[in-house]
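Values below: all heavy atoms of this structure, side chains included; hydrogens, waters and symmetry mates excluded. Position 1 is the first residue of the sequence, and the numbers go up from there. Note that the structure is predicted; figures quoted are calculated from it, not measured.
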Amino acid sequence: MALTACPDCNGKVSDKAFACPSCGHPMNSGKGRSQWPAIIGGVAGTYISANAVVTVVLGSVMMIAFAAIMIAAVMSS
Ligand SMILES: [Zn+2]
């Protein structure tokens, strides 16, 4: 494996590394790294985030409703 210079701190970084071990600068331009994970991640991220908004909203409403029922049950006992 080859070493390359970190663009941020000029430290020695493996071209297989995901990030600089010295400063944590992300090393995404490594040779031979497929673009597919990024593309799939982008598509999946868009799809998941659209559903995640609905899930979070529904989840919040369900939690509030559940909490209200529990509080009412505790108060009436
Ligand atoms: Zn660095």
Side-chain angles (χ1 to χ4, degrees):
M1 74 185 179
L3 287 175
T4 181
C6 172
D8 212 30
C9 70
N10 285 321
K12 293 277 191 294
V13 191
S14 166
D15 63 358
K16 300 278 196 300
F18 287 102
C20 171
S22 302
C23 70
H25 184 85
M27 306 294 286
N28 294 323
S29 56
K31 278 180 296 203
R33 185 157 297 141
S34 172
Q35 294 296 308
W36 281 108
I39 294 166
I40 293 167
V43 172
T46 305
Y47 179 73
I48 289 165
S49 63
N51 279 329
V53 172
V54 176
T55 305
V56 167
V57 170
L58 283 177
S60 300
V61 171
M62 292 291 279
M63 282 297 290
I64 291 164
F66 182 74
I69 292 165
M70 289 301 287
I71 289 165
V74 169
M75 296 287 269
S76 63
S77 64

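Listed by chain and number, the hydrophobic cluster partners of Ile71 are Met75, where partners are ILVMFWY side chains within reach of under 4.5 Å, directly or through others. In the hydrophobic clustering, where aliphatic and aromatic side chains (Ile, Leu, Val, Met, Phe, Trp, Tyr) are joined below 4.5 Å either directly or transitively, Val56 stands alone.
When every heavy atom of Ala5 is checked against every heavy atom of Met27, the shortest pair comes out as O-CE, 4.4 Å.
When the side chain to side chain contact (heavy atoms under 4.5 Å, CB included) test is applied to Pro21, the partners found at least two apart in sequence or on another chain are Val13. Under the side chain to side chain contact (heavy atoms under 4.5 Å, CB included) criterion, Ser22 pairs with Cys9, Cys20, not counting sequence neighbours.
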Review item, side-chain donor-acceptor pairs of residues 61-68, under 3.5 Å, at least two apart:
none

